[in-house]
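Here the structure comes first, spelled out in structure tokens, and everything after it is commentary.
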Amino acid sequence: MTLTLTAASGTATALDDGGAVIALDEPFPFYGNNAESLVVSSNGYVAFADALGSENGGDFSNDAYLPAVPDNAPAASARIAVYHDELNGEGAGSSLRKGYFANCPRASGVIEDEACTVVQWRNWARAGSTGTLDVDLVLYHGSGAIATQYIAVDSSAGASACVGIQDATASDGGAWSCCSETQGENGAASCSNVKTIVPASAVCFYDPANPPVFDVIFADGFDS
């Protein structure tokens, strides 16, 4: 299903700073709550809200650390930062889509053949970068697992983007990688928690109550 964005304000187009509300086909467990809807932002994140009056999708300036109180208003703090940055879908061929699968085509590693919802940003652009983004968010309804997938990335390779999660009170959460332009100009060396995002990669988050059934070994040799 193709999503239609609504502009967050009168200062930018909907494809630059906007949001779209989607009703989930079944609840998704997130920090102890069963979410039934999402607001998908043009800026590479989703928020757990049921109306644009609660979250408008207009947060284009990510915070350097998570958890953090969002900058936009209105805003919902319960969020997943998939590739949160100054993004837009104004280019030719850009699309924002949502799909539901009763048996997810991507295994979660937790529950076999569980249902999932996928949100896709296709041919999305980052301000100041060359190249386009193809990014997916996969939400697993049974286990509460989350996967962010990077099919293609812009030339910044995530140097000023944020990838992470946080709860509804902005008191719990964390980032796999995060930097803001106020901390370091477009991902300068002053940002200490920045990882390069490469094409054909993914980042996964798991509910502690439903850990994966396999060990994941990263290149640095540590288990997760």
Side-chain angles (χ1 to χ4, degrees), residues 1-6 8 14-15 17-59 66-67 70 72 74-84 87 89 95-122 124 133-151 162-170 172-173 176 202-212:
M1 178 179 76
T2 300
L3 304 179
T4 300
L5 294 158
T6 298
L15 290 171
D17 294 322
V21 181
I22 61 173
L24 296 173
D25 293 79
E26 60 179 281
F28 175 74
F30 189 71
Y31 281 98
N33 296 312
N34 285 321
E36 297 185 352
S37 59
L38 295 174
V39 172
V40 181
S41 171
S42 61
N43 293 304
Y45 70 89
V46 303
F48 291 91
D50 59 6
L52 296 177
S54 301
E55 164 66 55
N56 62 16
D59 188 0
L66 293 180
N72 60 311
S77 291
R79 290 183 172 192
I80 301 171
V82 183
Y83 194 99
H84 186 190
L87 306 181
S95 65
L96 184 56
R97 298 178 180 176
K98 170 258 184 184
Y100 170 79
F101 301 88
N103 294 307
C104 194
R106 182 192 187 279
S108 68
V110 183
I111 298 174
E112 187 175 355
D113 296 328
E114 65 177 306
C116 71
T117 292
V118 180
V119 179
Q120 299 178 329
W121 291 259
R122 285 290 180 266
W124 228 248
L133 288 157
D134 284 349
V135 179
D136 294 347
L137 169 65
V138 187
L139 303 176
Y140 296 92
H141 294 279
S143 65
I146 299 164
T148 60
Q149 298 190 134
Y150 306 96
I151 294 86
C162 189
V163 179
I165 62 174
Q166 68 176 34
D167 70 356
T169 60
D172 190 15
W176 177 81
V203 177
C204 298
F205 302 90
Y206 296 99
D207 187 326
N210 297 300

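Predicted, not measured: the structure shown is a model, and the values here were computed from it.
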Original post:
Hey, mind stepping through Tyr150 and Val163 against side-chain contact (heavy atoms from CB on, under 4.5 Å) and telling me if it holds?
Top reply: CA-CA 11 Å; Tyr150 306 96; Val163 179; 3.4 Å; yes
Original post:
In terms of the angle between their ring planes, are Tyr45 and His84 parallel, tilted or perpendicular, with boundaries placed at 30° and 60°?
Top reply: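 Tilted, since the angle between the ring planes falls between 30° and 60°.
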Original post:
What class does the angle between the rings of Phe28 and His141 fall in, given that below 30° is parallel, 30 to 60° is tilted and above 60° is perpendicular?
Top reply: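 Perpendicular: the ring planes of Phe28 and His141 meet at over 60°.
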Please report the closest heavy-atom contact between [X] and [Y], naming both atoms and the distance.
{"X": "Phe101", "Y": "Pro105", "value": "CG-CD, 3.6 Å"}
{"X": "Tyr206", "Y": "Pro212", "value": "CG-CD, 3.7 Å"}
{"X": "Gly58", "Y": "Ala8", "value": "CA-CB, 3.7 Å"}
{"X": "Trp124", "Y": "Ser95", "value": "CZ3-O, 3.3 Å"}
{"X": "Gly173", "Y": "Pro67", "value": "O-CD, 3.8 Å"}
{"X": "Ala75", "Y": "Glu55", "value": "CA-OE1, 3.4 Å"}

Original post:
So, does Ser37 use its side chain to make a donor-acceptor pair with the main chain of Ala23 at under 3.5 Å?
Top reply: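 Flag not set: sc Ser37 to bb Ala23 has no pair under 3.5 Å.
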**OP:** Let me know which of Leu96, Val138, Thr148, Val82 forms a side chain to side chain contact (heavy atoms under 4.5 Å, CB included) with Val119.
**Re:**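 Among Leu96, Val138, Thr148, Val82, the one that satisfies the side chain to side chain contact (heavy atoms under 4.5 Å, CB included) with Val119 is Leu96.
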Subject >> Single hit among Val21, Asp50, Val46, Asn56 for side chain to side chain contact (heavy atoms under 4.5 Å, CB included) with Val39 >> reply: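 The passing option is Val21.
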Atom pair [atom1] ([X]) and [atom2] ([Y]), whose distance is rounded to the nearest 0.5 Å:
{"X": "Asp172", "Y": "Leu66", "atom1": "CG", "atom2": "CG", "answer": "11.0 Å"}
{"X": "Leu137", "Y": "Cys116", "atom1": "CG", "atom2": "SG", "answer": "10.0 Å"}
{"X": "Asp207", "Y": "Phe30", "atom1": "CG", "atom2": "CZ", "answer": "10.0 Å"}
{"X": "Ile165", "Y": "Ile146", "atom1": "CD1", "atom2": "CD1", "answer": "5.0 Å"}
{"X": "Trp176", "Y": "Phe205", "atom1": "CH2", "atom2": "CZ", "answer": "8.5 Å"}
{"X": "Ser108", "Y": "Asn210", "atom1": "OG", "atom2": "CG", "answer": "9.0 Å"}

Subject >> side-chain contact (heavy atoms from CB on, under 4.5 Å) evaluation trace for Leu3 with Met1 >> reply: CA-CA 6 Å; Leu3 304 179; Met1 178 179 76; 3.5 Å; yes
Subject >> Residue pairs fulfilling side-chain hydrogen bond (donor to acceptor under 3.5 Å, both in side chains) with at least one residue in residues 17-33, sequence neighbours excluded >> reply: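 Of all non-adjacent pairs touching residues 17-33, those that pass side-chain hydrogen bond (donor to acceptor under 3.5 Å, both in side chains) are Asp17-Asn43, Asp25-Lys98, Glu26-Tyr100.
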Original post:
Stepwise, does the salt bridge (Lys or Arg N to Asp or Glu O under 4.0 Å) test hold for Arg79 with Asp59?
Top reply: CA-CA 12 Å; Arg79 290 183 172 192; Asp59 188 0; 2.8 Å; yes
Original post:
Is the number of heavy atoms from other residues, nucleotides or ligands within 6.0 Å of CZ (Arg97) greater than 12?
Top reply: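 No, CZ of Arg97 has 12 or fewer neighbouring heavy atoms, counting only those of other groups under 6.0 Å.
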Original post:
Which residue pairs satisfy the salt bridge (charged side-chain N to carboxylate O under 4.0 Å, His left out) criterion with at least one member in residues 110-120, sequence neighbours excluded?
Top reply: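 Sorted pair list comes back empty.
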Original post:
Would Asp134 and Trp121 count as a side-chain contact (heavy atoms from CB on, under 4.5 Å) if you check the C-alpha gap in whole Å, the side-chain angles of each, and the deciding distance to 0.1 Å?
Top reply: CA-CA 6 Å; Asp134 284 349; Trp121 291 259; over 6 Å; no
Original post:
Is it true that Asp136 and Arg122 have a side-chain N and a carboxylate O under 4.0 angstrom from each other?
Top reply: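 Result for this pair is yes, salt bridge flagged.
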